[in-house]
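Notes to accompany the following structure.
In the text below, chain A, chain B and the rest are named by the order of the sequence lines, each starting its count at 1. Because only heavy atoms are used, hydrogens play no part in the values below, and waters and symmetry mates are left out as well, while side chains stay in.
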There are 2 protein chains.
Amino acid sequence: MPQAAGRTEAAERILEAAKHLFAREGYGSVSIRDIAEAAGVSKANIFHHFASKEELYLETLRRSCEAARALLEAFREEHPCPAHQLRSFFRDDLRQASDDTDGSLLLIAEGFNAGPQRARALVEEVFGADFRRFTQVLAAGQSSEGPWRTDIDPAVVATLMIAANTFFISHREVLRQLPGVDFADDPERYADHVVDILLDGIRKEA
Amino acid sequence: MPQAAGRTEAAERILEAAKHLFAREGYGSVSIRDIAEAAGVSKANIFHHFASKEELYLETLRRSCEAARALLEAFREEHPCPAHQLRSFFRDDLRQASDDTDGSLLLIAEGFNAGPQRARALVEEVFGADFRRFTQVLAAGQSSEGPWRTDIDPAVVATLMIAANTFFISHREVLRQLPGVDFADDPERYADHVVDILLDGIRKEA
DNA sequence: GTCTATATGGAGATAGAC
DNA sequence: GTCTATCTCCATATAGAC
């Protein structure tokens, strides 16, 4: 029962196991033996399907990129009110990341301290689309007669949202341990809180 | 010329090299040989000073924790206005992280997808103190007659600030590649933009 | 304290039978 | 396509001379 990209069923299991292990342990800490055991195949079988460990890793990365993009497309939904749009976008963003935690961790880890080449590729493949989505709705809200201040840099707000998402996904357990945090397992509540703050700030209306 | 904790000069060089490599490449991808070459000593010498690779890693981690805490203490400075305090705290936070990028990367990577044990230790050693600093100034600003809204959860704001810091440090190169981002190499400008948004939000004053 | 030399195991990868 | 058996190399770690 071959899968999507013409992969055999075993190859799929290998990719699944590899993705999970790479995401959780990191490339260097995962051995082919680990992956073989998790996937229920022999080591040699992995090299039959993939040229090298590096190639296997890159394939999991490619798939996670594709999945992220596909989910992003799926969530697209327009709404006239910019504030509503921002909230809906950010909720989607967190939901997508939560729906594919391993894939998200893989992408975040890949961007972690990456060099220019890898960072550029990542931005082109995933972060950039997300970022643009945010800056576009922000720019819309700032257009003439829009409801938002024009002295705020949309890039900063978009960065803040991506940072909020990234931290929530990659440091979940740290979040759980922080005193007074009761939203570590409720992405939607977290998302709403964050958007509330971004919209109106913490200062009282004069 | 022995250093602080009674370490010999070579042990210090080893720790320096290990910290840098672990921070940049990740534990699993760094070999004792790599560290030995970077430090200019033999492999055996490393095992003379440190019981194992794991122990060496843990020592770099301990030191980064200490350094982070020391820097945090050093920056402490009170100011009557909560908004000023928040800004000053967040600037300090980013400056501290920038001043010891390797140490910060080490701590962030350690928190990345950590299990409960490691996450708890990290929160007790570093993230917790930072988090508390933020929530305290927030709570102060929310006290009766304080200038801030009381319907905002201080924990969310603190999380947002730590997320903003973490992302800035660990995904710097991604930031550089994002379109319209001109603050990737200017922590203070980034910090000020972020605090401006947190204080007043992006919505126009009605 | 520092080194060279070495032990031992596991890594990534290949050969070849089925 | 899948396996067992094997190759080679490099990993962590130790022994022992200086």
Side-chain angles (χ1 to χ4, degrees), chain A residues 1-64 102 106 109-110 113 118, chain B residues 1-64 102 106 109-110 113 118:
Chain A
M1 198 175 296
Q3 285 280 102
R7 297 277 184 198
T8 136
E9 194 254 342
E12 286 296 328
R13 281 210 316 279
I14 293 167
L15 276 166
E16 276 299 306
K19 172 181 171 181
H20 185 251
L21 287 170
F22 285 145
R24 303 282 165 172
E25 320 281 345
Y27 180 82
S29 303
V30 174
S31 73
I32 295 289
R33 172 191 291 267
D34 294 336
I35 297 168
E37 279 172 10
V41 299
S42 68
K43 284 191 295 168
N45 196 2
I46 292 182
F47 289 104
H48 171 73
H49 290 290
F50 304 93
S52 66
K53 181 186 175 184
E54 177 79 13
E55 201 48 58
L56 172 56
Y57 168 73
L58 290 175
E59 185 59 27
T60 65
L61 206 57
R62 267 178 234 123
R63 293 194 149 213
S64 298
D102 283 344
L106 216 52
E110 174 73 9
N113 197 25
R118 283 173 16 179
Chain B
M1 200 173 297
Q3 285 279 102
R7 296 276 185 199
T8 137
E9 194 254 340
E12 286 296 328
R13 280 211 316 279
I14 293 167
L15 277 166
E16 275 300 306
K19 174 182 172 180
H20 185 251
L21 287 169
F22 284 145
R24 303 282 163 174
E25 318 283 346
Y27 180 82
S29 302
V30 175
S31 74
I32 295 289
R33 171 189 293 267
D34 294 335
I35 298 169
E37 279 173 10
V41 299
S42 69
K43 286 189 290 168
N45 197 2
I46 292 182
F47 289 105
H48 171 73
H49 290 291
F50 305 93
S52 67
K53 180 185 175 183
E54 177 78 12
E55 199 50 55
L56 172 57
Y57 168 72
L58 289 175
E59 184 59 26
T60 64
L61 207 56
R62 268 179 234 122
R63 294 194 148 213
S64 298
D102 284 344
L106 214 52
E110 174 73 10
N113 196 27
R118 284 174 13 178

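Nearest approach of B:V30 to B:L21, heavy atoms of both residues: CG2-O, 3.5 Å. Residues B:A17 and B:I35 approach most closely at CB-O, 4.1 Å, considering heavy atoms. In plain terms, the two heavy atoms of B:D34 and B:S29 that are nearest each other are OD2-O, 4.0 Å. Taking every heavy atom of both residues into account, B:A18 and B:T60 meet most closely at CB-CG2, 3.9 Å.
A heavy-atom distance below 4.5 Å is found between the side chains of B:E37 and B:R33. Within the 4.5 Å cutoff, the side chain of A:L56 has no heavy atoms near those of the A:K53 side chain.
Listed by residue number, A:K43, A:A44, A:F47, A:S52, A:K53 are the residues of residues 36-53 of chain A with a heavy-atom contact under 4.0 Å to DNA chain C. Within residues 13-28 of chain A, no residue has any heavy atom closer than 4.0 Å to DNA chain C.
For the atom pair NE2 of B:H49 and CD of B:E59, the computed distance is 13.0 Å after rounding to the nearest 0.5 Å. Interatomic distance, CD of B:E110 versus CZ of B:F22, reported as 11.5 Å (0.5 Å rounding).
The phosphate of C:dA11 (OP1 or OP2) has a side-chain N or O of A:R33 nearer than 4.0 angstrom.
When the options A:R63, A:R24, A:K19 are evaluated for a salt bridge (Lys or Arg N to Asp or Glu O under 4.0 Å) with A:D102, the one that passes is A:R24.
A salt bridge links A:R62 to A:E55: at least one charged side-chain nitrogen sits closer than 4.0 Å to a carboxylate oxygen.
Of all nucleotides in DNA chain D having an atom under 4.0 Å from a heavy atom of chain A, the first and last in 5' to 3' order are D:dG1 to D:dT4.
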